[in-house]
Amino acid sequence: MDPFVPEVTVIGGGLAGCEAAWQLAERGHRVDLLEMKPARLSPAHMTPLLGELVCSNSLRSDDPETPAGLLKAELRAARSLIIACADEARVAAGDALAVDRLQFSRRVTARIVSHPNIRLRRQLCDELPSGPCILAGGPLVEGGAARTLRRLCGDRLYFYDAIAPIVEADSIDYDLCFRGSRYHQGEEGDYLNCPLSHAEYQAFVAELLAGRKVTPHRFEEPRYFEGCLPVEVMAERGPDTLAFGPMKPVGLIDPRKPSEPPYAVVQLRAENRYHTAYNLVGFQTRLAYPEQKRIFALIPALHRAEFVRYGSIHRNSYVEGHKVLDASLALRAAPHIHLAGQITGVEGYIESTAMGLLAGVFLHDKLTGRPLSLPPQTMAMGGLYHHVVTPRERGEKYVPMNINFGLLPPFEGKAAKRAGKRGRRALHAERAREQLPAWLQQIGVTADVTADVSANGSGLLLRDAEQDGGGVVNAAEA
Ligand SMILES: Cc1cc2nc3c(=O)[nH]c(=O)nc-3n(C[C@H](O)[C@H](O)[C@H](O)COP(=O)(O)OP(=O)(O)OC[C@H]3O[C@@H](n4cnc5c(N)ncnc54)[C@H](O)[C@@H]3O)c2cc1C
């Protein structure tokens, strides 16, 4: 048998690392996959298995007219290892794709260890290799790999997320807010101001204080920066702290009521260039998600707000991709090192999987001298990718994102407006479906995909794990 000479090293056997390794291996490249488990476990990982789901067992909705469903449909059609294993380990969960987490990880492990082009090495990567590699160490990346990344990215590598909630633009009540920046500085259209009377402000603060907060994991002890305090921590400092802080009304005049200055104002800032989503400026929070929905609805203009993403504060290593990555997801400062998964600046299981699949495909393109197979921005995969690499406007803060339709170009015109929210979701799904076959062809997937983009489709499953002799594998022995 010829000796195994790896062409590529992938660091991290999580969702993204396994997906990237698989995509490369299926395209004929020999891959060394380095995983530090079981000798070393991050504070969130508990098993020796690859592709471990560290928290929920849900990969969210499987309806292709939802953002998460569309992303999964695209991944399924692109022959994602992770989605194939999830389909096989599915448990009943209505519209959602939820899995038996042990079955799922066992299947991922079995596929990886039995692929002839992958060599799994259970060791910590302390020094990044000098040859082509993909770093997929995840939000809790460890060891020298993390230190090297810090050296190469400097202050563009973050270790904590402090995120304010983001709401859908068309769920804001525009009759109860007004446009304009403080003292009319900057672009007037970029800010929406949601005024509160004194009574409304007091009721809001009381609920903020009483609302249920998320208990941090033991490795996430609160270490807040003064400039980035959770809104509820600020509220604890005194009844008017917020009115003098992120809710200060100074310089904000409601043109409809110029003689009636608001007691407090919540400012919303456009989250993307399409102005389809807005974030609540300065409202990073540890309130539980249902509490955010309930309490932020007390802001009059947000009484029917729908959330693109809830606020959160948690440990998370990620880069500001548009500053440090090139189009192939390689570090500009070290172009042989590619990033994949959550560390690229996305959030969530399926998003990390997508950024693993793309990293694997792009590295294959580079190794074979082909143009990069960039997914069109109108696809969910493309929207996510462009969120990571597209330069920001006017000092806009980078926020790691779950997939949402706000990342895709919106539909203009009266017909789209008339279609309503449901109709626009269907339009997004249809447009992405139209773009998909050409991109699949570009990445070398030529099978008929029609079955796969429908909900629950699994027509393109890869080889069956049972046939690989690995339906149940003791990964510690792998
Ligand atoms: C506490 C917590 C709860 C979460 N809950 C959810 C949730 O409910 N739903 C959701 O969608 N997302 C959740 N996430 C986010 C989710 O975990 C990530 O989006 C996803 O797992 C990221 O995939 P990844 O492959 O990038 O990293 P991971 O899945 O974390 O995989 C990284 C792998 O790299 C290995 N590794 C790290 N450093 C090294 C090294 N130097 N050498 C060798 N191996 C290394 C690790 O052991 C791990 O196996 C949560 C994250 C955390 C931390």
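In listed order, ligands and their atoms are each counted from 1. All values below were derived from every heavy atom in this structure, side-chain atoms included, with hydrogens, water molecules and symmetry-related copies excluded.
- Distances from ligand 1 to the non-hydrogen atoms of C55 include at least one value under 4.0 Å.
- Contacts between L53 and ligand 1 below 4.0 angstrom, taking non-hydrogen atoms only, are absent altogether.
- Side-chain contact between F362 and H338: absent, with no pair of heavy atoms (C-beta onward) separated by less than 4.5 Å.
- Residue contact check: L124 has heavy atoms under 4.0 Å from atoms 40 (C), 41 (N), 42 (N) of ligand 1.
- A donor-acceptor contact shorter than 3.5 Å links the side chain of E232 to the backbone of R286.
- Numbered from 1 in the order shown, with element, the atoms of ligand 1 that lie under 4.0 Å from a heavy atom of V54 read 2 (C), 3 (C), 4 (C), 17 (O), 50 (C), 51 (C), 52 (C).
- Taking any N or O of A340, backbone or side chain, none lies under 3.5 Å from an N or O belonging to ligand 1.
- Here is the list of ligand 1 atoms found below 4.0 Å of a heavy atom in G348: 10 (C), 11 (O), 12 (N), 19 (O).
- For ligand 1, none of its N or O atoms has an N or O atom of I343 under 3.5 Å away.
- Looking at ligand 1, you won't find any N or O of R315 less than 3.5 Å from one of its N or O atoms.
- Figure legend: cation-pi geometry between R30 and F4, with NZ or CZ positioned under 6.0 Å from the six-membered ring centre and within 45° of its axis.
- Note on ring orientation: taking the six-membered ring where Trp is involved, the planes of H364 and H29 are perpendicular (angle over 60°, cut-offs 30° and 60°).
- Within the listing of ligand 1, atoms 40 (C), 41 (N), 42 (N), 43 (C) sit less than 4.0 angstrom from a heavy atom of C125.
- For ligand 1, the polar-atom distance check against S56 finds a nitrogen or oxygen pair separated by under 3.5 Å.
- Annotation for ligand 1: atoms under 4.0 Å from non-hydrogen atoms of L34 are 43 (C), 44 (N).
- In summary, the atoms of ligand 1 found under 4.0 Å from a heavy atom of G341, numbered by their order in the structure, are 26 (O).
- Relative to the six-membered ring of F411, R431 meets both conditions, a distance below 6.0 Å and an angle of at most 45° to the axis.
- Heavy atoms of Q123 come nearer than 4.0 angstrom to ligand 1 in at least one pair.
- Taking only nitrogen or oxygen atoms, main chain and side chain alike, A16 reaches within less than 3.5 Å of ligand 1.
- When E52, E142, E347 are ranked by how near their heavy atoms come to atom 38 (N) of ligand 1, first place goes to E142.
- Checking E19, K37, E35 against atom 46 (C) of ligand 1, the nearest heavy atom belongs to E35.
- Put simply, the side chain of E351 gets close to the backbone of I403: a donor and an acceptor are under 3.5 Å apart.
- Considering backbone and side-chain atoms together, L15 places an N or O closer than 3.5 Å to an N or O of ligand 1.
- Side chains of H115 and E26: a donor on one and an acceptor on the other come within 3.5 Å.
- Looking at R294 and E207, their side chains come closer than 4.5 Å, going by heavy atoms from C-beta outward.
- Using a distance-only test at 3.5 Å, with no hydrogens or angles considered, no donor-acceptor pair links the side chain of K72 to the main chain of I83.
- For the atom pair F405 CZ and T276 OG1, the distance stands at 11.5 Å (nearest 0.5 Å).
- Here the side chain of D365 pairs no donor or acceptor atom with the backbone of G369 at under 3.5 angstrom.
- Taking a cutoff of 4.0 Å between a charged side-chain nitrogen and a carboxylate oxygen, K37 and E52 qualify as a salt bridge.
- The distance criterion of under 3.5 Å between nitrogen or oxygen atoms is met by M36 with respect to ligand 1.
- Between A136 and ligand 1 there is a heavy-atom distance shorter than 4.0 Å.
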